Protein chains: 2
Amino acid sequence: MQISQIYGSVPAVPGITVSKSEAAPEPETRRLRGSSQLNRWSRARALRSGRKLDRPTTRTLEPNRNPTVSLSPRETERETTNRLSLYPDSKAAVVEEEGVDDVGFTVAKSIYMVSDGTGWTVEHLVSAALGQFDYCFVDRGCPVNTHLFSGIDDAEKLLAIIKQAVKEGAMLVYTLADPSMAASAKQACNLWGVPSTDVLSPITEDIASHLGVSPSGLPRGASGRNVPLSDEYFHRIEAVEFTIKQDDGASPQNLANADIVLTGVSRTGKTPLSIYLAQKGYKVANVPIVMGIDMPRTLFEVNPEKVFGLTINPAVLQNIREARARTLGLISAERGNYSDMDHVREELEFAARLFAENPVWPVIDVTGKAIEETAAIVLRLYHDRKHKCTMPTISKRY
Amino acid sequence: MQISQIYGSVPAVPGITVSKSEAAPEPETRRLRGSSQLNRWSRARALRSGRKLDRPTTRTLEPNRNPTVSLSPRETERETTNRLSLYPDSKAAVVEEEGVDDVGFTVAKSIYMVSDGTGWTVEHLVSAALGQFDYCFVDRGCPVNTHLFSGIDDAEKLLAIIKQAVKEGAMLVYTLADPSMAASAKQACNLWGVPSTDVLSPITEDIASHLGVSPSGLPRGASGRNVPLSDEYFHRIEAVEFTIKQDDGASPQNLANADIVLTGVSRTGKTPLSIYLAQKGYKVANVPIVMGIDMPRTLFEVNPEKVFGLTINPAVLQNIREARARTLGLISAERGNYSDMDHVREELEFAARLFAENPVWPVIDVTGKAIEETAAIVLRLYHDRKHKCTMPTISKRY
């Protein structure tokens with residue numbers, strides 16, 4: 001399809017951002033009872049299971065609510081020359097909870113991500129690359145907006161997006177499995193001066209030449225692509241289902257069936273870490289450490305090589321718990337000693353003694369680490385211990 | 001650091017693959033009781049919550065159990081000329097459950113993935129690119145092994161891996177945020193004839209030039225990189241914690257607090273889909289549809305724009321349920337009508353009637369779709385409905 005053919009009526013692609021409506025506040029009303037030990041336990045559970053209150057979301061309003069604005073190519077070209085005037089109502093749109101940047105949006109740089117599949121690959125790669133610029137994002141010093149367009153499977157939609165990128169002065173990053181679509185994107189971006197990066201073709205071509213076979217050129221989910229879901233895929237789903245059922249110390253009798261067992265005090269990230277590992281195909285159980293509460297017997301009966309302890313700097317943990325108690329809307333009396341510095345320190349020492357008594361368990365300090373980073377460490381150790389090799393690696397067969 | 005300096009003593013990197021030991025079979029002993037409606041419900045829950053039995057894993061044994069083999073450079077070079085003899089014990093190692101390819105491993109092509117961070121980005125991208133070759137993987141016609149090396153933060157380890165790649169005739173795909181490491185990788189691969197692809201530098205450079213700022217050159221988790229975890233990061237963790245607690249119809253009183261509510265019969269993938277969406281920052285609740293059981297009242301009280309119905313082809317669903325019942329080790333009497341074709345069809349019709357009564361809910365056919373694909377569709381519709389735009393997009397601010 002020729003680019004010129006598409007010129008006709010191109011729908012505008014408003015720079016929509018995610019707006020999440022928060023539910024009405026619901027005060028934490030769970031009543032605590034029993035011994036002070038049980039109180040600590042219940043309170044910890046209540047805190048762990050609570051819902052935040054009154055906390056503004058970080059995602060913001062859409063800049064343009066008009067869904068059907070359509071621009072002629074001439075308008076597109078004219079407006080391109082005056083990038084900053086493109087969002088007449090952007091001032092209104094940037095009413096952000098923090099009020100940090102009431103002029104930020106107009107100068108934010110945009111990255112358009114386009115895929116003929118799910119779009120998760122381009123999103124992941126752009127997010128990783130943006131990690132190289134996170135020092136610029138502090139206090140929104142150099143704001144960037146990303147816009148993901150997935151399932152873009154015809155040239156008309158593709159070119160409409162590129163035209164919008166021209167208007168917005170955006171760059172285009174794309175994963176288009178269909179070679180003719182990738183060629184169209186390249187051609188249009190060159191023609192219209194849109195900086196663009198094809199992230200899928202180079203690696204696909206290199207792998208094709210390594211394997212000596214041709215790529216199918218079909219996006220995931222394309223009708224012509226009829227490869228059944230793999231056993232590994234179903235294995236991953238099973239791992240997620242297992243892991244959910246074991247969360248937060250549930251069913252300690254099942255610890256033996258887990259691939260990995262995580263243990264640590266409240267707010268060391270056991271739950272999200274478990275789920276992250278489960279998505280990678282590992283059955284994970286997690287067992288909370290609460291001071292003065294006996295750990296389940298089965299924790300000491302399972303293979304200690306699969307148990308991992310999590311620890312964290314006391315001051316950081318206290319901050320996290322303080323923030324959690326605050327966002328849950330708990331008043332001081334309800335917080336008890338959950339976020340009390342002495343208590344936090346004591347609980348971490350209790351955990352440290354438990355770890356010392358079980359020296360086979362590696363202990364990972366999660367302070368300042370994202371879940372993804374801790375997951376990488378756990379899996380490196382896991383494979384290292386399983387295979388006793390000098391350079392741990394995670395391997396798969398296709 | 002000069003490459004020649006590293007030659008000294010390079011540890012070998014055995015091509016380890018993941019081996020998972022399965023726990024001892026544990027027969028499903030839950031007793032069913034009550035009315036036949038309740039029976040169906042309990043049985044469905046038992047099936048949903050069961051654990052597979054006797055199913056071989058798809059992951060395989062490590063080819064080389066010797067953890068400390070180390071090779072001098074001369075040995076490395078000599079062995080490179082005779083690639084197929086590199087794994088003297090590989091024949092033993094490829095004893096695979098399916099017995100599909102007792103010669104497969106020696107001819108499998110390898111892809112080494114190297115990262116100075118977590119490695120998840122290169123893993124994701126390679127996996128996406130390999131999706132273009134999945135037609136070759138059917139029946140292991142063109143086997144490929146991938147090996148992920150993460151946290152490779154010094155040139156010595158890097159070059160040891162590249163030397164092993166030479167030996168194994170592997171290609172190297174890398175995400176090295178540190179420019180000097182990326183340059184070392186490129187130089188060594190060129191020198192030793194290892195096909196290689198740098199997947200991070202091109203996109204990082206293009207983004208740098210678009211933003212007009214320089215990348216930090218620091219891998220995620222590097223000690224010099226001290227950017228605090230973002231609000232968006234904590235928002236995602238909260239979404240995961242919320243979603244776990246809402247799984248499988250738990251706490252229907254909380255549906256109002258969910259961003260997205262999924263509903264469908266057993267084995268339409270509600271749980272893994274919920275978790276996948278939660279990892280992206282959405283609070284998800286899922287409500288199972290079981291024939292003859294009343295749906296929770298709250299499902300009809302929440303904003304119908306956030307409810308999504310899942311459906312599936314009856315024959316495919318019957319197959320999935322049959323396989324599940326089999327892998328759970330259930331005997332025919334225990335399966336009841338869970339995987340009975342008439343029952344499956346009736347239950348899907350029951351669901352279809354429910355969907356027809358709630359025409360605002362979009363209904364997504366998950367037949368043959370991976371969770372990632374269904375997630376992309378749900379989120380496109382979600383943002384489309386929220387913003388009523390002509391071209392749905394998922395946007396973020398950095």
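Below, read A as the first sequence line, B as the second, and so on, with proteins coming before strands; counting in each chain starts at 1. Here the structure is a predicted model, which is why all the values come from computation and not from measurement.
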How many angstroms lie between [atom1] in [X] and [atom2] in [Y], if you round to the nearest 0.5 Å?
{"X": "A/Tyr276", "Y": "B/Ile237", "atom1": "OH", "atom2": "CD1", "result": "12.0 Å"}
{"X": "B/Ile244", "Y": "A/Asp247", "atom1": "CD1", "atom2": "CG", "result": "4.5 Å"}
{"X": "A/Asp206", "Y": "B/Leu172", "atom1": "CG", "atom2": "CG", "result": "11.5 Å"}
{"X": "A/Glu241", "Y": "B/Ile275", "atom1": "CD", "atom2": "CD1", "result": "10.0 Å"}

So which part of [X] gets closer than 4.5 Å to some heavy atom of chain B, the side chain, the backbone, both or neither?
{"X": "A/Val144", "result": "both"}
{"X": "A/Ala323", "result": "neither"}
{"X": "A/Ile371", "result": "both"}
{"X": "A/Ser127", "result": "both"}
{"X": "A/Ala239", "result": "neither"}
{"X": "A/Leu200", "result": "side chain"}

Shorter than 4.5 Å, heavy atoms on both sides: which option in [options] has the most such pairs with chain A?
{"options": "B/Ala370, B/Gly269, B/Ala128", "value": "B/Ala370"}
{"options": "B/Val240, B/Leu211, B/Thr271", "value": "B/Leu211"}
{"options": "B/Pro202, B/Pro272, B/Ala375", "value": "B/Pro272"}
{"options": "B/Lys369, B/Gln279, B/His124, B/Arg380", "value": "B/His124"}

Could you have a look at A/Ser115, A/Gly119, A/Ala208, A/Gly117 and say which one has the most heavy-atom pairs with chain B under 4.5 angstrom?
-> A/Ala208
With side chains defined as the heavy atoms from C-beta onward, is the minimum distance between [X] and [Y] less than 4.5 Å?
{"X": "B/Met171", "Y": "A/Ile207", "answer": "yes"}
{"X": "B/Ser214", "Y": "A/Tyr135", "answer": "yes"}
{"X": "B/Trp120", "Y": "A/Glu373", "answer": "no"}
{"X": "B/Val199", "Y": "A/Val199", "answer": "no"}

Where [X] and [Y] come nearest, the two heavy atoms and their spacing:
{"X": "A/Tyr233", "Y": "B/Glu372", "result": "CE1-OE1, 4.0 Å"}
{"X": "B/Gln132", "Y": "A/Gly217", "result": "OE1-N, 2.8 Å"}
{"X": "A/Phe133", "Y": "B/Thr204", "result": "CZ-O, 3.5 Å"}

Please confirm whether the backbone N or O of A/Ser110 pairs with a side-chain atom of B/His210, one donor and one acceptor, at under 3.5 Å?
-> yes
